[in-house]
Each structure stands twice: as structure tokens, then as C-alpha cells.
Amino acid sequence: MTNALQQAITLLQGAKQICILTGAGISAESGIPTFRDKQTGLWENFRAEDLASIEAFDRDPKLVWSWYQWRRNLVIDKQPNPAHYALANLEQWAINHNKTFYLITQNVDDLHEQAGIKATHLHGHLWKNKCSQCEASYDADNDYTQDMLLKCPLCDAYIRPDIVWFGEMLPHDEWQLAEYAVNNCDVFISIGTSSLVYPAAGLLQVAKRQGARIIEINLNPTQNPIIDLVISGKAGEILPSLVSALE
Ligand code: NAD
Ligand code: ZN
């Protein structure tokens, strides 16, 4: 076992509250591209950052809706990878050892839930829709093979994905829960996130300020100086070995 893994185990064993933050990198091994991956096919000339905003939707709702329908088609058959299952086992280990455990994710996919663990979703859900004006949730069937715009039955505005776009506020309850979890944790693990998207990225600073030890698991570590322990590599390989060494 590497020195870094051994140190992570020691930190986890000593913790009372563990807080995990995941990003797109944890789903990469399931075949879901991250935002920093270059887009392919139809969308190769677009940047994700230029499509995931209210300005883009106001300018061209059909374009943004079509992109999300395409993303949904890309994700629909994807399954959790060993990293998602290892986190579910880590939660179980924590409960068995009287530790409190919180999982916060920036991901909009539902692979954590498919692996049997509930996550607090800071950036919304790929599979949900809402009205772009009155914000009523839109539960009617959505055929992901169609990119025809849908309209709100209440106010006739366009339906949009229930995802937090660049420039939008995070959902209030989820953010409060995340702040609570981070403010009381003694170990914080950041997994597969470039930590560029705020305010989620600011949770690392919150954890650090209140005295938690910060671990990063990333294929290309962020070089953030506040991180105490970096484990460089694939989440789908590191997390299963970390968790099996704990059990
Ligand atoms: P990001 O795309 O900015 O960064 C991904 C990070 O994961 C990088 O640091 C990369 O080095 C790392 N990484 C890649 N493969 C990895 C692996 N196998 N193991 C460990 N690390 C790996 O992602 P972000 O920081 O989550 O921010 C992007 C935003 O895009 C988020 O807000 C999220 O909502 C959204 N997004 C979500 C999904 C999803 O739900 N699966 C996919 C793409 C983008
Ligand atoms: Zn409406």
C-alpha cells in the first residue's frame, strides 16, 4: 500500500465526521465526459460553459435544449463505476463505526443514487425539468430522442432542465446542508473535481478554516496548496483500495 493511502486510512479512522465532495471526474470512468473534456460529434464546436447558462437559453432555447437532450441520451445507459460503489461502502463503514458521513456532489447524473447512496446535489439533476419562468417542476414524460421544445402548462414559457447554470444561485436547502456538513467535519475528501466552479469549490476553504484535514483524489491533481494529502490516480481504482483496506 502506498504511503498516501496509509495516511488517508489513518485520517479516516480518527475522524468523527467525514465529508465528501465529488465532481465530474468520479463519473468519467462510467463513460460520462467531464466539462473539460472536448465535446464530440455534433457539439464539437461548442464549449459546455457557453451552453449551460440562462443567457444561452434566452438567446437560443432550442440549441440549449437539444444539447441537454443529447447529453441525456449520452448518460441514460451509463452505470456506476467502482468509485461510486466504494463510496457507498465507505458510508456503511462510517455508520458502523459511529461516524457521521455526508456526500455532496456537483454532478447532475444519478450514479451515486444508482450505487445505493444518497447525495446532496448542489447543481441540480439531469433527469428533472422545470419552467424557465415560473419554475414549476415539469414531470410529464420527456422523450430524450426528441429535441422539440416543451412549454409550461401553467405559463406557456419554455421548459428547461432543472440544473444550476453558470451565474445562477445554488439551491438553498442543499447549500445549507453542505455548509453544515463541511463546518463540522474533520476529514474532507475532494474527488474528481477541478475545483474551479464556485461556490462549491469554496467548500474546501471552509473545511480548511475550521480545522479539517483535506484529501484530494484526482487523476490530474489541482495543485491547490490548502490540500493536506493528494492521492493521484483514477477514482475507480483508488477508492476501492482505500475502502477495502479500512474494512
Ligand atoms: P471538471 O470537468 O471541471 O473536472 C473534472 C476533474 O476530474 C478534473 O480535475 C480531472 O482531473 C478529474 N478526473 C478526470 N477523470 C478522473 C478519474 N477517473 N478519477 C479521478 N479524477 C478524475 O468537473 P467539476 O469540477 O465537477 O466541474 C464541472 C461542472 O460540470 C460541475 O458543476 C458539474 O455540475 C458539471 N458536470 C457534471 C457531470 C456529471 O454529472 N457527470 C459531467 C460533466 C459536467
Ligand atoms: Zn411556468
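Note that the coordinates shown come from a computational prediction; the quantities given were computed from them, not determined experimentally. Numbering of ligands and ligand atoms starts at 1, following listing order.
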**Asked** the Zn ion (ligand 2): which protein N, O or S atoms are under 2.8 Å away?
**Response**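 Listed by chain and number, the nearby protein N, O or S atoms are C131 SG, C134 SG, C152 SG, C155 SG.
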Tell me: protein heavy atom nearest [atom], and distance?
| atom | answer |
| --- | --- |
| atom 30 (O) of ligand 1 | F35 CD2, 3.1 Å |
| atom 25 (O) of ligand 1 | T193 OG1, 2.7 Å |
| atom 37 (C) of ligand 1 | N107 OD1, 4.0 Å |
| atom 27 (O) of ligand 1 | V197 CG2, 3.9 Å |
| atom 14 (C) of ligand 1 | G25 CA, 3.8 Å |

**Mode of A24 contact toward ligand 1 - side chain, backbone, both, neither (heavy atoms, under 4.0 Å)** =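 Both the backbone and the side chain of A24 come within reach of ligand 1.
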**Prompt:** Counting heavy atoms only, which part of A235 comes closer than 4.0 Å to ligand 1: side chain, backbone, both or neither?
**Reply:**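 It is both parts that get close, each with some atom under 4.0 Å.
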**Prompt:** Out of curiosity, I26 CD1 to N107 CG, how far, rounded to the nearest 0.5 Å?
**Reply:**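 Interatomic distance, I26 CD1 to N107 CG, rounded to 0.5 Å: 7.5 Å.
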**Item:** Rounded distance (nearest 0.5 Å) linking atom CG of L203 with atom OH of Y198
**Value:**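 Atom-to-atom, L203:CG and Y198:OH are 10.0 Å apart.
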Please report, to 0.1 Å, the donor-acceptor pairs under 3.5 Å made by any side chain of residues 154-162, with sequence neighbours excluded.
from : atom 1 : to   : atom 2 : distance (Å)
R160 : NH1    : E168 : OE2    : 2.8
R160 : NH2    : I163 : O      : 2.6
R160 : NH2    : E168 : OE1    : 3.1

Distance filter under 4.0 Å to [X] heavy atoms, resulting ligand 1 atoms:
| X | result |
| --- | --- |
| A28 | 15 (N) |
| G23 | 26 (O) |
| V108 | 39 (C), 40 (O) |
| K234 | 19 (N) |
| S27 | 41 (N) |
| E29 | 17 (C), 18 (N), 19 (N) |

**Request:** State whether a side-chain donor-acceptor pair under 3.5 Å links Q114 with D110.
**Result:**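 Looking only at side-chain atoms, D110 and Q114 do form a donor-acceptor pair, the distance falling under 3.5 Å.
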Any donor-acceptor pair under 3.5 Å linking the side chain of [X] with the backbone of [Y]?
| X | Y | value |
| --- | --- | --- |
| N224 | I226 | yes |
| S53 | E49 | no |
| E174 | L122 | no |
| S30 | Q79 | yes |
| K99 | A15 | yes |
| Q17 | A181 | yes |

So, regarding [X] and ligand 1 (criterion: nitrogen or oxygen to nitrogen or oxygen, under 3.5 Å), is there a contact or not?
| X | answer |
| --- | --- |
| N218 | yes |
| L219 | yes |
| I32 | no |

Specify the closest pair of heavy atoms between [X] and [Y], including all atoms of both residues, with the distance to one decimal.
| X | Y | value |
| --- | --- | --- |
| G124 | V164 | N-CG2, 4.1 Å |
| L63 | W43 | O-CH2, 3.4 Å |
| L21 | F188 | CB-CZ, 3.7 Å |

Option of least heavy-atom distance to [atom] (set: [options]):
| atom | options | answer |
| --- | --- | --- |
| atom 5 (C) of ligand 1 | S232, P33, G192 | G192 |
| atom 32 (O) of ligand 1 | Q106, H112, H123 | H123 |
| atom 39 (C) of ligand 1 | T34, V75, D109 | D109 |

**Item:** Aromatic contact, W127 with Y144 (centres under 6.0 Å)
**Value:** yes
**Request:** Going by the side-chain hydrogen bond (donor to acceptor under 3.5 Å, both in side chains) test, name the single residue among Q106, K128, E113 that passes it with H121.
**Result:**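 Of the listed options, the one satisfying the test is E113.
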**4.0 Å heavy-atom contact, R71 with ligand 1** =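 So R71 counts as touching ligand 1.
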**Message:** For G233, state whether at least one heavy atom is located under 4.0 Å from any atom of ligand 1.
**Reply:** yes
**Asked** On the ring face of W65, is R72 found with NZ or CZ under 6.0 Å from the centre and within 45° of the axis?
**Response**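 Cation-pi check for R72 and W65: passes.
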